[in-house]
Structures are given as C-alpha cells and as structure tokens.
Amino acid sequence: MKIAVLPGDGIGPEIIAEAVRVLRALDEHFELEFAEVGGAAYDRHGHPLPEATLKLAREADAVLFGAVGDWKYDQLARALRPEQAILGLRKSLGLFANLRPAILYPELAAASTLKPEVVAGLDILIVRELTGDIYFGTPRGRRAAPDGAFAGQPEAFDTMRYARGEIERIARVAFEAARRRNRKVTSVDKANVLETFQFWKDVVTEVHAGYADVRLEHMYVDNAAMQLVRLPTSFDVIVTGNMFGDILSDEAAMLTGSIGMLPSASLNERGQGLYEPSHGSAPDIAGKGVANPLATILSAAMMLRYSLDRAPQADRIEAAVRKVLAQGLRTADIAAGGTAVGTKQMGDAVVAALG
Ligand code: IPM
Ligand code: MG
C-alpha cells in the first residue's frame, strides 16, 4: 500500500509528522512517500502543485494531506497560489465526494461556543460535492460588463453549474452514508433563487426514489445555516454543493468546539482518496508546536477505513484518540483555558494509547 504524504504549509508539517508516527506504530507495511505541495512547493519549484507531486498522488492508493496557504502568497497570480494545489488535486483525481463528519466528543462539550444541551450528542456528516459548482464552472474571468447599469465597466464573473450525473453520484453517496447512520438526508439548496439549485433539488428527489428507507428533506442554505446553530442535533447527513458545503462545513465544525478535531475524506469513483484535516494551515501558530494533530490523526484513520481496507486499524486509532481525551489531554484549541499540551506530546499520547 502506497501513501502519498503531502505536508504543505503552516502547521501542515507538524500535524502530519504526528499522523505519520501513529501510522508507523501500527505494525503494517505502508510505503510512505513524501512530496511538496502548496506554498512550500511554490518556494522550491515555482508551482504549488508540481508535476512530480501530482504524479505521486495519482499513483498512490491514498493521499495524506496537511494544509496549504499562507498570507505571504496572497499577492501571487491565482494560478500560483497555494490553494490551487488542493483544488488541482481534487479535480485531477476526480475527488467529487467530500465527507466531513462533525462529531461532538462528550469530553469536549465545554469547548463549544454553544450551550452544552444544544450540542450534546451532535453527530453530523456533511457530504459536500467537491469538483463542480461555481468553484470550477467555466466561463469565468474579467471583462467589460456587456449590459446593465454598469455596462462597459470592468467586471468579474464566475459560473455556477451542475450536470445531472454530478448531482446523481453525490446524492447516492449521501443516501448510502445515511443508510449506515440515522437514515435521514437534508439536501441543502437555494432553489428559490438559483436555476442550478432548482435542478439540484429535482435530481436529488429523483435519486431518492431508490432509497425509500431514507428520509429526505430539502432546506434552503440560509435556513440551514440558522438551523445548524438553533437545533444542530436535528441533522444526520447533509448533502450540498461545493460552495454551500465549504461554508456549512466550517460552521458545523465549530459547533463541536474545535475544528482541530475534525478529519475529512475526499473520494473518487475508484475509492481512491485524499485525507486531510478540516482546518487550514494556521500560519499564525506555525512552527510553535502547539497545533492540535488530532484532526490529521483521525484523517489517517479515515484513510485506513475508506481507501486501505484496514477498518480494524482505523478503529484502533479512533479508540486511542478517545482514550487520550478521557485522560484529560488537551491542546490549546480545546483546553478551554486549562493546561494544554503541545503537538508532539499529543502525538506521543496517541501512540502510547494504541496499546
Ligand atoms: C476547504 C478549503 C478550500 C475550499 C480552500 C483552501 C480552497 O476552504 O477545504 O474547505 O474552499 O474548498
Ligand atoms: Mg473551507
């Protein structure tokens, strides 16, 4: 089994180092091959996603990804910015299904900014479409406004679009996932305003005909944003487009108190996947050894389960994470003002708890 390891920028290398230590402690034979990505790759090779990195990712059974981005690259042309690396990997590998669980660990209820009784028992799975929508829709660019009150002025535009097959396959992922959970899917759209999302709603409804055992509800995205803080435990699986999923998954992550706890998986039709923490590169704390490595360690667990056919090892890692939380270990982001351990100490504790 070959794993491409792409640490990236900011806290990426520190959190990836801990996940790698956990993988190595499993006594399995994994071939880990490292490559540069994001700003780190731009600095050395002049491109955020060098050909060699892309080739490695394509050939690997799975990709373990840290994070990309730093303010110092904000002035670069869009095509050279670190974010293009993750977007390029998603598109080139066809990683259309992004699974972002938002789970409240009972030990961390106090870390949530919401009242404990509102978030108790929270367990949501966001299924975000990842290779379409306004993120990748063409045409896009700048031009002279062709019409309207500002005709002739410079304008910028993007294109929101979804093809039937794109909606069908992500809807199936959501319904299948709901079957293994609480059998409810909330499809989030903006059908009251956007053609694209009226079509989305129609197609999701059609696909649902094959899943009579799963409940389907439709919700406008603004209402969904509100319900997520009002009654978050009313959700089971949320399925939505790329843009709305980007926004709602950050919101859902924060309900749990720390985005530093949440892993994610991005899968293609062949089960190949890219696994990354749901949080970003946090350049403000990079290199300080204080970042929470648990989201990355849990991403490695998802990788074992979804791409490497090693579910028992995934269970082992998840149990070890629960154990260290129960022991009271906290990195600064989840310490709620109490004593915090560093990135490496947290990694040490997980390795020790593997048993
Ligand atoms: C995410 C991130 C990315 C996105 C950025 C870094 C391009 O916010 O994975 O949610 O917008 O998809
Ligand atoms: Mg995001």
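This is a predicted model, so every value here is computed, not measured.
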**Asked** Has R143 got its NZ or CZ under 6.0 Å from the middle of the six-membered ring of F157, at an angle within 45 degrees of the ring axis?
**Response** yes
**Prompt:** Should the pair R169 and F96 be classed as cation-pi, given the thresholds of under 6.0 Å to the six-membered ring centre and 45° from the axis?
**Reply:** yes
With side chains defined as the heavy atoms from C-beta onward, is the minimum distance between [X] and [Y] less than 4.5 Å?
| X | Y | value |
| --- | --- | --- |
| Y275 | L267 | yes |
| P277 | L262 | no |
| I334 | L325 | yes |
| V185 | R215 | no |
| P263 | T296 | no |
| R142 | E155 | no |

**Request:** State whether the number of non-hydrogen atoms from other residues, nucleotides or ligands found under 6.0 Å of E195 atom CD is greater than 12.
**Result:** no
**Message:** Does M1 have more than 12 heavy atoms from other residues, nucleotides or ligands lying within 6.0 Å of its CE?
**Reply:** yes
Counting only N and O atoms by type, is there a donor-acceptor contact under 3.5 Å from the side chain of [X] to the main-chain atoms of [Y]?
| X | Y | value |
| --- | --- | --- |
| T53 | E36 | yes |
| K91 | T131 | yes |
| R81 | L76 | yes |
| H45 | H47 | no |

Side chains of [X] and [Y]: do they bring a donor and an acceptor to under 3.5 Å?
| X | Y | answer |
| --- | --- | --- |
| S266 | N98 | yes |
| D246 | Y135 | yes |
| E217 | T186 | yes |

**Request:** Take V22 and L354 through the side chain to side chain contact (heavy atoms under 4.5 Å, CB included) test and state the conclusion after the steps.
**Result:** CA-CA 8 Å; V22 170; L354 283 172; 4.3 Å; yes
**Complete:** Test salt bridge (charged side-chain N to carboxylate O under 4.0 Å, His left out), reference D236, set R183, R179, R181, output is R181
**Fill in**
The single option from I170, I134, V203, I167 that satisfies side-chain contact (heavy atoms from CB on, under 4.5 Å) with Y162 is I167
**Message:** Applying side chain to side chain contact (heavy atoms under 4.5 Å, CB included) to V239 and W200, what does each step give before you reach the verdict?
**Reply:** CA-CA 11 Å; V239 65; W200 172 281; 4.2 Å; yes
**Message:** Please determine whether side chain to side chain contact (heavy atoms under 4.5 Å, CB included) holds for the pair L274 and M303, giving the CA-CA distance in whole Å, both sets of side-chain angles, and the decisive distance to 0.1 Å.
**Reply:** CA-CA 8 Å; L274 179 148; M303 173 174 82; over 6 Å; no
**Asked** What is the ring orientation for F197 with F244, classed by angle as parallel under 30°, tilted 30 to 60°, or perpendicular over 60°?
**Response** tilted
**Message:** Just to verify, which of R90, R128, E166 counts as forming a side chain to side chain donor-acceptor pair (under 3.5 Å) with N242?
**Reply:** R128
**Request:** Please identify each residue that fulfils ring-ring contact (aromatic ring centres under 6.0 Å, His included) with H208, with sequence neighbours left out.
**Result:** F175
Under 3.5 Å, side-chain donor or acceptor atoms of residues 57-71 against the rest of the protein: list the pairs with distances, not counting sequence neighbours.
residue : atom : partner : partner atom : Å
E59     : OE2  : K55     : NZ           : 3.3
D61     : OD2  : K2      : N            : 2.8
D70     : OD1  : K72     : N            : 3.0

